[in-house]
> 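Shown below is the structure under consideration.
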Amino acid sequence: MIQLEILRYAAGGQCVARHENRVVFIRGVLPGEIVNAEITSEGKGGRFLIADLISVITPSPLRIAPPCKYAGNCGGCDWQHASIETQVQLHGEVIQDQLNRIGKFDQIKIEPVLSVPGETGLGYRSRVRYATTNNGESAMRKHGSNELVPIDECLIAEPRLNEITTSNWRPSSEITLVAGSDEVLVLTDREIVPQISYSNRHGQWVVPAGDFWQVHKDAPEVLIDSVLKFLDPMSGDQIGDLYSGVGLFALPIARKIGRDGLVTAVELDHRANKAADQNLKDFDNVQTVESDVAIFLKSRPVFNKVVLDPPRSGLNNSVIRSLNSIASLNQIVYVSCDSGTLARDLRSFADLGWQIKVIQPLLLFPMTAHIETVVHLSKVS
Ligand SMILES: C[S@@+](CC[C@H](N)C(=O)[O-])C[C@H]1O[C@@H](n2cnc3c(N)ncnc32)[C@H](O)[C@@H]1O
């Protein structure tokens, strides 16, 4: 066992300490703490060490008692030991660091991380995926391991999902519990995927229950508000909704751009694209396209505004170059769920002459190291 002084938060739920001139990554701690730890493994070539927390000797004043009895054992959460205010602060530091280090932006202003009003970090997830044990109990995996921890409730899940029984599942399988606006579904790996519906003050969507939908119950509304604020859709706009899923953004945009406008929703997944057709059927000013965005952009579409919401891997360079070559395009809203790939992509846009107007992080995955960020870019003419 060794004693470590925790120096700073790194990313991915890990903090950094030093031991015998080597960097040590450790989870479950906070900057400034002194802890007992055990080295569990070495990074490539022994350049860094990974340690497990054994006990906290001197706690940070920011440490709180984890609300969940499985904290530290279950790999689902990173920050049960930090208040929402602390999580907000640490996320802000990580985004700033990634924009400096990966994006090579020396001076860049980031808006304070916003959380959903009244956020407690509990009861927000509309979807939970469990593994099942040999005895048919629902379980989560330990961090970075296949070892299962039986779980009888997940405190970050919507309470409706915790009312479902936690045992007698098919042993050694996977189950997903999904809460829609009105119903709750249990998906096993043997089923045909049913649809589930969601609604908020912007509209109503059907979603194939196993497919992508924002995981925080309030995220769809919060994200639409942010996207509409920065995109400012107007009558006659020609807008691309790229990586559009089931049409979360295309629907409220269609309401704003009138009969002369057009929103083109581009999505690779066949099932999501069919659901988008269903969700957008009442609008004449929408077209849906089932395609890889990179291939679609080769058709030289005419847009004056674009919203981008790619998966965690971000954009590839050909997408950024194609967008930059659309002469009429002068506004982009980039919705990102990975601040590392976002920093990389913002550097590419900046090098092509795009101005970063606002970077707005949103705490949409509380208790975890994930963060959503909405960025408004405009073309410097
Ligand atoms: C982060 S989700 C966003 C979906 C939607 N904007 C929403 O918020 O509900 C990313 C979406 O991009 C789709 N996707 C992934 N790679 C793609 C590609 N190369 N071209 C088009 N769509 C892609 C995924 O199927 C997924 O629906």
> So, does Asn330 use its side chain to make a donor-acceptor pair with the main chain of Ser378 at under 3.5 Å?
no
> Does this structure show an ion pair linking Glu33 with Arg63, if we count only N-O contacts that are shorter than 4.0 Å?
yes
> Within the structure provided, determine whether His91 and Pro361 are in side-chain contact (heavy-atom separation under 4.5 Å).
no
> Taking the basic N atoms (NZ, or NE/NH1/NH2) and the acidic carboxylate oxygens, is any pair closer than 4.0 Å for Asp351 and Lys104?
no
> Ignoring hydrogens and angles, tell me if any N or O in the side chain of Ser181 forms a donor-acceptor pair with the backbone of Ser199 under 3.5 Å.
yes
> Going hydrophobic residue to hydrophobic residue with side-chain gaps under 4.5 angstrom, can you get from Tyr9 over to Val24?
no
> Going by the angle between their ring planes, with limits at 30° and 60°, are His216 and Tyr124 parallel, tilted or perpendicular?
parallel
> Is a donor from one side chain sitting under 3.5 angstrom from an acceptor on the other, for Ser173 and Thr132?
yes
> Indicate whether any N or O donor in one side chain lies under 3.5 Å from an N or O acceptor in the other, for Asn135 and Thr133.
no
> Looking only at the side chains, is there a donor atom on one of Glu85 and Gln89 sitting less than 3.5 Å from an acceptor on the other?
no
> How far does CG of Leu377 sit from CG of Leu308, to the nearest 0.5 angstrom?
8.5 Å
> Is there a path from Val207 to Val286 through hydrophobic residues (I, L, V, M, F, W, Y) whose side chains come within less than 4.5 Å of each other?
yes
> Taking the basic N atoms (NZ, or NE/NH1/NH2) and the acidic carboxylate oxygens, is any pair closer than 4.0 Å for Glu42 and Arg22?
yes
> Does a side-chain heavy-atom distance below 4.5 Å link Pro220 with Trp205?
no
> Test your reading of the model: is there a side-chain donor-acceptor pair from Asn279 to the backbone of Ala275, 3.5 Å cut-off?
yes
> Taking the side chain as C-beta and beyond, is there a heavy-atom pair between Phe105 and Ile110 under 4.5 Å?
no
> Without swapping roles, check the side chain of Arg127 against the backbone of Ala209 for a donor-acceptor pair under 3.5 Å.
yes
> Do you know which of Val116, Val335, Val222 makes side chain to side chain contact (heavy atoms under 4.5 Å, CB included) with Leu362?
Val222
> Same cluster or not: are Phe283 and Val246 linked, directly or through other Ile, Leu, Val, Met, Phe, Trp or Tyr residues, by side-chain heavy atoms under 4.5 angstrom apart?
yes
> Salt bridge between Asp152 and Lys69, side-chain N to carboxylate O under 4.0 Å?
yes
> Check the pair Asp225 / Arg201 against salt bridge (charged side-chain N to carboxylate O under 4.0 Å, His left out), numbers first and verdict last.
CA-CA 10 Å; Asp225 287 341; Arg201 69 185 158 80; 2.6 Å; yes
> Give a yes or no on whether the backbone of Leu155 and the side-chain of Glu153 come within a donor-acceptor separation of less than 3.5 Å.
no
> Could you tell me if the side chain of Asn36 sits less than 4.5 Å from the side chain of Ile57, heavy atoms only?
yes
> So that I know where these two stand, are Trp354 and Tyr334 an aromatic pair - ring centroids less than 6.0 Å apart?
no
> Can you measure from CG (Leu114) to OG (Ser226) and round to the nearest 0.5 angstrom?
7.5 Å
> Within this structure, what is the OG1-CG distance for the pair Thr368 and Asp78, rounded to the nearest 0.5 Å?
6.0 Å
> Donor-acceptor pairs under 3.5 Å, side chain of residues 249-265 to any protein atom, not counting sequence neighbours: which ones?
residue : atom : partner : partner atom : Å
Arg255  : NE   : His202  : O            : 3.3
Arg255  : NH2  : His202  : O            : 3.3
Thr264  : OG1  : Gln287  : NE2          : 3.1

> Measure the CG-CG distance between Leu185 and Leu161 for me, rounded to the nearest 0.5 Å.
10.0 Å
> Indicate yes or no for a side-chain donor-acceptor contact from Glu267 to the backbone of Ala272 under 3.5 Å, with no hydrogens or angles considered.
no
> For residues Leu228 and Pro233, determine if any side-chain heavy atom of one lies less than 4.5 Å from a side-chain heavy atom of the other.
yes
> Could you tell me whether the side chain of Gln87 reaches within less than 4.5 Å of the side chain of Val113, counting heavy atoms only?
no
> Once you round to the nearest 0.5 Å, how far does CG of Leu329 lie from CD of Gln238?
12.0 Å
> Please test Val186 against Trp169 for side chain to side chain contact (heavy atoms under 4.5 Å, CB included), starting from the C-alpha separation and ending with a verdict.
CA-CA 11 Å; Val186 178; Trp169 300 110; 3.6 Å; yes
> Are Leu223 and Val374 packed together at the side-chain level, in the sense that at least one heavy-atom pair is separated by less than 4.5 angstrom?
yes
> Angle between ring planes, Phe48 versus Phe25, binned at 30° and 60°: parallel, tilted or perpendicular?
perpendicular
> Can you find a side-chain donor-acceptor pair between Gln331 and His376 that sits under 3.5 Å?
yes
> Checking Asn134 against Ser172: is there a side-chain donor and acceptor pair closer than 3.5 Å?
yes
> Between the main-chain N or O of Ile50 and the side-chain N or O of Ser41, is there a donor-acceptor pair closer than 3.5 Å?
no
> Keeping the roles fixed (side chain from Ser83, backbone from Thr86), state whether a donor-acceptor pair exists under 3.5 Å.
yes
> Within the distance-only criterion (no hydrogens, no angle test), does the side chain of Asp345 pair as donor or acceptor with the backbone N or O of Leu315 below 3.5 angstrom?
yes
> What residues form a ring pair (Phe, Tyr, Trp, His ring centres under 6.0 Å) with Phe303, not counting sequence neighbours?
none
> Quick one: do Leu297 and Ile326 satisfy side chain to side chain contact (heavy atoms under 4.5 Å, CB included)? Show the steps, please.
CA-CA 9 Å; Leu297 287 173; Ile326 302 175; 4.3 Å; yes
> Got a second to check how far Lys379's NZ is from Phe349's CZ, nearest 0.5 Å?
10.0 Å
> Between Ile102 and Arg347, is there a side-chain heavy-atom distance shorter than 4.5 Å?
no
> Is there a donor-acceptor contact under 3.5 Å from the side chain of Asn162 to the main chain of Cys154?
yes
